[in-house]
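Note on naming: letters A, B, ... go to the chains in the order of the sequence lines (proteins, then strands), and numbering restarts at 1 for each one. Side chains included, hydrogens not; waters and symmetry mates left out as well; all remaining heavy atoms used.
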There are 2 protein chains.
Amino acid sequence: MDKKSPIQITLTERDDSVTITQWVYETLRGAVMNGQILPGRALTIRELAALLDVSPMPIREALRQLSAESALEIQGNRRVMVPTMTAMKFTELCEARIAIESHAAARAWPYIDSTRLAELHSLDRLIDQAQECGNLEQISILNQNFHRLLYTANPHQVTLPLIESLWLQLGPFMRLATSKLEEHYVIDRHNEAMLAIEKQDAFALQLAITADIREGIAFASTPELLHRFIEQSRTAAH
Amino acid sequence: MDKKSPIQITLTERDDSVTITQWVYETLRGAVMNGQILPGRALTIRELAALLDVSPMPIREALRQLSAESALEIQGNRRVMVPTMTAMKFTELCEARIAIESHAAARAWPYIDSTRLAELHSLDRLIDQAQECGNLEQISILNQNFHRLLYTANPHQVTLPLIESLWLQLGPFMRLATSKLEEHYVIDRHNEAMLAIEKQDAFALQLAITADIREGIAFASTPELLHRFIEQSRTAAH
DNA sequence: AACCATACTTTGTGATCACAAAAATAACTT
DNA sequence: AAGTTATTTTTGTGATCACAAAGTATGGTT
């Protein structure tokens, strides 16, 4: 009595200080972000409840929250699934990232002090280390942390939730893309960004972030990779 | 046994074809958007359930969804409230609107055909009519419809949910601002935007949208108005 | 009168149950 | 054998209940 495609979700130890709903949310979010759930695959409350060994209630709440963040999609049938990707949608998501994140960087720039700059530097060094180890998942997480640390320098910042929503939507594909990444050596523009901060050049910072995002995605969006991913989505929909 | 500040929510007839949760969501969303719930006022599930005459369950789901959209805020205490506004946050929200919406307009531009342009024109005429009647709430709604109709010309558009989140966060204040609006005559840049579309000038369209947002907010963000609103938030927090 | 410990109330969380709508399966007709 | 109807199962929705934690009020002590 097993379903079309089995869902393999990495379960973390549940901390009692956090609510079950929160734990379920983080678990499912991670599964979506890592592409562990095939796009188009229908998710049922009871199935997930059994999988995570909790009652249906926390699942319901987590699914609704993820849907509101565009990480999941509610169809007319009230069925929930990971949204399918198309080449055009992928382009729109990337362009949206560039528009919003370069803006967020520019708005954060006046607030970046030497302490935060040092933190950015040490985070960048960690990324270099992870690259030598070839730990792809770690690179992805640290890269997000770098961007997040930059944008949150602005204490009145309001765009991070929007940016995280875009990350979530791109997540499944980015993971697939970086799995092909070993061949190329990764180039990020973090050094360029930090140099711009030191030179107090806001515009250069904006350009560096734009280049960082565009290049980080450009190599990934080779026709073959994109096509493979979209195929995957299409077939999973069944 | 009444609470600090009574909540007055406009109740619409509930259509049976729509789920109770959806109806609750729309009702609460409208209440937030219209500033009917004071920022800082704690919302409890049971109170709202009694107010809307439904069980706590649909309220829980609606609150979680609105929180995910940044329309509401969950405090550490797990209490839910309308976020309070500050002058700096207000500025950030406006600048974010400009960055994202001008981008959305530019990405939508290649897709705007004569049919959609005609719809934009007729919507603009409706706005003019509403302005003569002085129907402020109607103006606000139609104005949103105008922007939405523009951005959704792009069939692969992904930014509308993000934009709507910003609208929700600015909603309470915009309402207060437009209530002072009768004195000035409203200038919008819709004509300029439509002219740019006719002249096939994407950059001019982007400028028009930027100006439309900035001016629509600039007159509203007079120091007195902003201060009054922030005061209101502060005192309601109690 | 100010402070603190105790009892009481309210509130969010999570589990279970009932029900109607939707899928999936089975049976049947053409 | 393909399509259509009938039956069974699965699934989302919403209501109710139990419980622990947070909040509030109470009462007593210094």
With A:Asn145 as reference, evaluate A:Leu123, A:Leu126, A:Leu120, A:Leu150 under the side-chain contact (heavy atoms from CB on, under 4.5 Å) test and give the passing residue. A:Leu123
Output yes when at least one side-chain N/O atom of A:Thr19 is less than 4.0 Å from OP1 or OP2 of C:dG12, else no.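 Answer is no, no contact under 4.0 Å.
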Does a side-chain N or O of A:Asn77 approach OP1 or OP2 of C:dA23 to a distance below 4.0 Å, or not?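 Yes.
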Between [N] atom [atom2] and [X] atom [atom1], what is the distance in whole Å?
{"X": "B:Arg41", "N": "C:dT11", "atom1": "CZ", "atom2": "P", "value": "10 Å"}
{"X": "A:Leu63", "N": "C:dG14", "atom1": "CG", "atom2": "P", "value": "14 Å"}
{"X": "A:Leu51", "N": "D:dT11", "atom1": "CG", "atom2": "P", "value": "13 Å"}
{"X": "A:Glu61", "N": "C:dT13", "atom1": "CD", "atom2": "P", "value": "7 Å"}
{"X": "A:Glu47", "N": "D:dT11", "atom1": "CD", "atom2": "P", "value": "8 Å"}
{"X": "B:Ile20", "N": "D:dG12", "atom1": "CD1", "atom2": "P", "value": "18 Å"}
{"X": "B:Ile45", "N": "D:dT16", "atom1": "CD1", "atom2": "C1'", "value": "14 Å"}
{"X": "A:Leu52", "N": "C:dA15", "atom1": "CG", "atom2": "P", "value": "12 Å"}

How would you label the contact of A:Arg78 with the nucleic acid (heavy atoms, under 4.0 Å): base, sugar-phosphate, or nothing?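 A:Arg78: backbone/sugar contact only, no base atoms under 4.0 Å.
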Counting any heavy atom closer than 4.0 Å, what does A:Leu43 reach on the DNA or RNA strands: base, sugar-phosphate only, or nothing?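 Sugar-phosphate: the residue A:Leu43, judged by heavy atoms under 4.0 Å, touches backbone atoms but no base.
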Would you please classify the geometry between the A:Trp167 ring and the A:Tyr151 ring as parallel, tilted or perpendicular, with 30° and 60° separating the classes?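 A:Tyr151 vs A:Trp167 ring planes: tilted.
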Selected nucleotide, minimal atom distance to B:Thr21 side chain, candidates D:dG14, C:dA15, C:dG14: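 Selected nucleotide: D:dG14.
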As a test of reading the structure: which of D:dT16, C:dG14, D:dT13 is closest to the side chain of A:Pro58, going by heavy atoms?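 Within the option list, the nearest is C:dG14.
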Could you check whether B:Glu95 pairs with B:Arg214 (Lys NZ or Arg NE/NH1/NH2 to Asp/Glu carboxylate O, under 4.0 Å)?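 B:Arg214 and B:Glu95: salt-bridged.
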More than 12 foreign heavy atoms under 6.0 Å from CD of B:Gln75: is that the case here?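 Enclosed: over 12 neighbouring heavy atoms sit under 6.0 Å from CD of B:Gln75.
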Per the atom types in the model, does the base of C:dG12 pair as donor or acceptor with the side chain of B:Arg46 at under 3.5 Å?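 When only heavy-atom distances are counted, B:Arg46 does reach the base of C:dG12 through a donor-acceptor pair under 3.5 Å.
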C:dG14 base to B:Arg60 side chain: any donor-acceptor pair below 3.5 Å? yes
Which residue in the set A:Gln65, A:Glu69, A:Arg64 passes side-chain hydrogen bond (donor to acceptor under 3.5 Å, both in side chains) when paired with B:Gln65? A:Arg64
Take B:Met57 and A:Arg79, find for each the nucleotide of DNA chain C with the closest heavy atom, and name the residue whose nucleotide sits nearer the 5' end. B:Met57
